[in-house]
Amino acid sequence: MVRVLHFTDVHVVAPLSRVPLRDWLGKRVLGAANAALRRNRKFVGAVEKLACLAEFVRSEGIELVLSTGDYTTLGTEVEYALARAAVEPLLSAPRGFVHVPGNHDLYLPDAVRERRFERTFADTLASDLPEYRGSGAFPLVRLVGDDVAVVAVASARANPQPWRSSGRIADGELVAFRRILADPRVIGRFVFVLTHYAPRRADGTRDTHLHGLENADDFLAACRAIERGAILHGHIHHAFELELPELPIPIFNAGSTTYAGREGLWVFDVDATSAQVTRGRWDGARYVLDAASTHAIR
Ligand SMILES: [Fe+2]
Ligand SMILES: [Fe+2]
């Protein structure tokens with residue numbers, strides 16, 4: 001049995017006075033204004049809540065921690081440092097920590113050029129099947145015990161136009177993803193697929209082309225090869241669970257684990273033949289499991 005936490009979109013916000021002037025260019029000014037006006041209030045307790053999440057991991061016996069990105073708001077060095085410090089206790093989960101960047105972590109091309117995600121989290125990006133990696137860290141595979149595999153697929157990119165926040169899985173990465181799912185070392189395991197973008201919205205429809213995953217259909221087609229598993233994502237800040245008739249595995253969005261009033265997370269218990277999921281929530285002082293929500297995954 002492996003006990004697994006999925007959290008996402010914690011969006012730490014650095015005090016504006018600590019962001020160096022050179023970061024204040026173009027979209028970031030707009031993004032910052034937007035963040036200051038709309039998001040800051042909702043994510044204001046993000047760092048403190050991450051400390052509570054570490055306590056939840058200890059008290060609930062979580063062994064493997066999975067995150068689907070958007071650690072930061074503007075992708076600045078200051079926010080990266082804050083986020084890294086805040087998630088530090090989670091990185092040493094007994095069976096590991098696996099994650100992907102979100103679009104806010106790659107907010108402008110400089111975050112990509114400077115490889116901020118890869119530098120900040122360099123010690124977390126080892127793959128058990130490195131032969132499938134592209135030019136970066138992904139797709140990244142972890143084989144956990146005999147029964148579980150985690151496959152992390154990058155879908156976020158910089159979006160220099162302020163009105164666009166869409167994503168795409170690079171074509172080469174999708175090819176590698178298909179090969180990973182056909183690898184005998186992965187077949188037969190319960191496969192957690194991590195990506196930042198939602199392949200579908202809560203009602204099963206495609207997200208808009210300005211906000212969604214451009215090649216969601218190709219991604220879902222590849223996921224049809226998975227016999228047992230779950231797709232985990234974030235980006236849409238409302239937690240939901242979704243089953244699609246054409247897909248053998250369910251989709252879970254943790255929404256945002258720190259968004260005030262709708263904090264989301266999922267806990268999975270997986271063994272060789274069965275898996276169940278429980279929804280978690282914030283009770284005002286700590287994260288708790290909603291025992292009544294526990295159910296088997298088909
Ligand atoms: Fe987000
Ligand atoms: Fe996002």
Side-chain angles (χ1 to χ4, degrees), residues 5-14 27-28 30-47 49-50 53 66-76 79-80 82-84 86-87 90 98-109 111-112 116-117 120-121 138 152-170 193-202 206-216 219 231-240 242 251-266 282:
L5 166 70
H6 171 215
F7 78 97
T8 198
D9 291 68
V10 295
H11 286 294
V12 304
V13 183
K27 182 180 175 184
R28 201 156 277 154
L30 290 167
N34 182 38
L37 289 171
R38 293 196 300 119
R39 286 169 179 266
N40 275 17
R41 282 169 297 144
K42 296 298 184 185
F43 295 105
V44 75
V47 167
K49 281 179 182 162
L50 281 166
L53 193 63
L66 308 177
S67 161
T68 43
D70 272 2
Y71 289 104
T72 66
T73 302
L74 302 172
T76 59
E79 284 180 350
Y80 263 107
L82 264 181
R84 166 79 203 207
V87 300
L90 304 172
V98 192
H99 59 163
V100 287
N103 55 306
H104 281 265
D105 305 324
L106 311 173
Y107 201 67
L108 271 188
V112 179
R116 282 186 191 148
F117 184 84
T120 304
F121 293 107
F138 301 97
V153 181
S155 55
R157 61 185 177 189
N159 272 305
Q161 301 109 321
W163 58 88
R164 207 181 67 168
S165 57
S166 60
R168 181 178 181 85
I169 299 167
V193 179
L194 309 188
T195 204
H196 178 64
Y197 279 85
R200 289 289 185 266
R201 297 190 286 200
R206 289 185 184 85
D207 201 350
T208 63
H209 97 124
L210 291 177
H211 186 260
L213 178 61
E214 277 179 8
N215 50 355
F219 170 64
I231 298 172
L232 312 184
H233 70 87
H235 190 58
I236 296 174
H237 294 161
H238 283 278
F240 61 81
L242 179 64
I251 301 173
F252 293 90
N253 176 14
S256 163
T257 308
T258 58
Y259 190 109
R262 54 179 199 236
E263 297 87 349
L265 63 84
W266 298 101
W282 175 254

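Remember, it's 1-based here, ligands and their atoms both numbered in the order they're listed. What you are looking at is a predicted structure, and each value in this text was computed from that prediction instead of being measured.
Around the Fe ion (ligand 2), protein N, O or S atoms at less than 2.8 Å number 4.
Ionic pairing of E214 and R157 is present here: one or more N-O contacts between side-chain nitrogen and carboxylate oxygen are shorter than 4.0 angstrom.
Between F43 and Y259, the gap from one ring centroid to the other is short of 6.0 Å.
Listed by chain and number, the residues in a ring pair (Phe, Tyr, Trp, His ring centres under 6.0 Å) with F117 are H99, F121 (sequence neighbours excluded).
Using a 3.5 Å distance cut-off with no hydrogens or angles, the side chains of T258 and H11 do not pair a donor with an acceptor. Residues N159 and S165 bring no donor and acceptor atom of their side chains to less than 3.5 Å of each other.
Judged purely by atom type and a 3.5 angstrom limit, N103 has no side-chain atom pairing as donor or acceptor with the backbone of A156.
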